2 protein chains.
Amino acid sequence: MQRQGYDATPIKQISQKAEATLGSVYHFFPGGKQELAVAAVQRGDEEFSEILREIFDGEPDPADAVLALTRSLADGLRESDWIDGCPVTATALGTAGRLPDIQRAAAEAFARWQSVVFDELRSAGVPEQDADDLACTVISTLEGAELAAQVARDDKPLRLAGTHLARLIASYRS
Amino acid sequence: MQRQGYDATPIKQISQKAEATLGSVYHFFPGGKQELAVAAVQRGDEEFSEILREIFDGEPDPADAVLALTRSLADGLRESDWIDGCPVTATALGTAGRLPDIQRAAAEAFARWQSVVFDELRSAGVPEQDADDLACTVISTLEGAELAAQVARDDKPLRLAGTHLARLIASYRS
DNA sequence: GTCTATACCCCGATAGAC
DNA sequence: GTCTATCGGGGTATAGAC
């Protein structure tokens, strides 16, 4: 679903990749495809939260951390030949306003990622209101840059997003 | 397709909304659904290019223009109950790496929007390299903020993207 | 709990009358 | 050029043996 979106991803394909039978899938996910999509979004939530925490832990300066993060995202995209984008965007966008459970899970993912960035900005000395606002824009920009890089099959949007976000963050620290 | 993505949008639904028969659709779009999607993306390209030009023409300062633009996007999203997002994102993401014609059309749309922003930044006195870089990040951030606003059903990401982009642009003018 | 077979539906695309 | 009927295929979900 991360790659193709909700509707283009048949359950059969999922069960085959998982080396499970169709019956098993419906046994563990009685809610069907919708429940499966919610679980996929929640897993993407946790995966990216972990990446965020790791990179911010390794770089005390949040501006440097954002630069490292965009490089990491660019590497992942290029290595997958530009098909593994954000683990929730494709699923969320294809079901927006149609399947509320999935939308809710996606909104929770975005909110959690923002809170991770917020905490790091706070502990780097950024005032609370600025940190809250910046965390929101950091996540938005990362999402948009990854999307643009995927569409263009070029890491330029991610690289530039990194440098510009770093500059923006620095402007709130001085 | 703007609302639901490529796979969730049946041609029958399109033909009904257009008050055309299925035969007519295939008469004018012999390439089938794929050709239809390319045309839809190209139309979205033109629509948003026009909006960009209008708003930048009305505001001589590009930082002010970006603020007006994010307000306009937020209004459009809210009025549609958060379902009319970017006219190409959903279509492009659901077909990335699978239907190259659609991906190419989406890449061209993003590139055209960037060039519109680039021209306006140049004519406001921003140096060429800075303008090129900024134009890329402006489009990325607008895409991401619209996506985040749609998922959260809240215009906060768009509002903050506007103020932060304005600040970023201003930092290159002084 | 696991698996196969299948019910039921809707998709994209086409054929062929008009 | 416009329309209806239909083909072939594949989708989700379930039934029921094991």
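Model, not experiment: these values are computed from the prediction.
Between A:Ala90 and A:Gln2, the closest heavy-atom pair is CB-O, 3.6 Å. Summarising the geometry of A:Ala149 relative to A:Asp155, their closest heavy-atom pair is CB-CA, 4.4 Å, with the distance given to 0.1 Å. The two residues B:Gln150 and A:Gln103 come nearest to each other via the heavy atoms O-NE2, 3.5 Å. Considering all non-hydrogen atoms of both residues, A:Phe29 and A:Glu35 come closest at C-OE1, 3.5 Å. Contact between B:Gly32 and B:Tyr26 at its shortest, heavy atoms only, is CA-CE2, 3.7 Å. Taking every heavy atom of both residues into account, A:Ile55 and A:Ser72 meet most closely at CD1-CB, 3.9 Å.
In terms of position on DNA chain C, the residue among A:Leu22 and B:Thr9 whose nearest nucleotide sits closer to the 5' end is A:Leu22.
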| message | Dot-bracket for DNA chain C, please. Rules: Watson-Crick or G-U, both distances under 3.5 Å, ( ) within the strand, [ ] when a pair crosses earlier ones, | for another strand, . otherwise. | response | ||||||||||||||||||
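Of the residues in residues 10-20 of chain A, those placing a heavy atom less than 4.0 Å from an atom of DNA chain D are A:Pro10, A:Ile11, in numerical order. The stretch residues 91-104 of chain B has no heavy atom under 4.0 Å from DNA chain D, so no residue of it qualifies as close. Residues from residues 23-40 of chain B placing a heavy atom under 4.0 Å of any atom in DNA chain C, listed by number, are B:Tyr26, B:Gly32, B:Lys33.
Counting heavy atoms of neighbouring residues, nucleotides and ligands inside a 6.0 Å radius, atom CZ of A:Arg43 does not exceed 12 of them.
Judged as a salt bridge (Lys or Arg N to Asp or Glu O under 4.0 Å), the pairs with a partner in residues 83-93 of chain B (not counting sequence neighbours) are, in order, B:Arg3-B:Asp84.
Using a cutoff of 4.0 Å between basic side-chain nitrogens and carboxylate oxygens, A:Arg153 and A:Asp81 are scored as salt-bridged.
Donor-acceptor pairing under 3.5 Å is recorded for the side chains of A:Asp45 and A:Ser49. A:Thr70 and A:Arg159 form no side-chain donor-acceptor contact under 3.5 Å, judged by distance and modelled atom types alone.
Take A:Asp61 and apply the side chain to side chain contact (heavy atoms under 4.5 Å, CB included) test, not counting sequence neighbours, and it matches A:Ala63, A:Asp64, A:Arg173.
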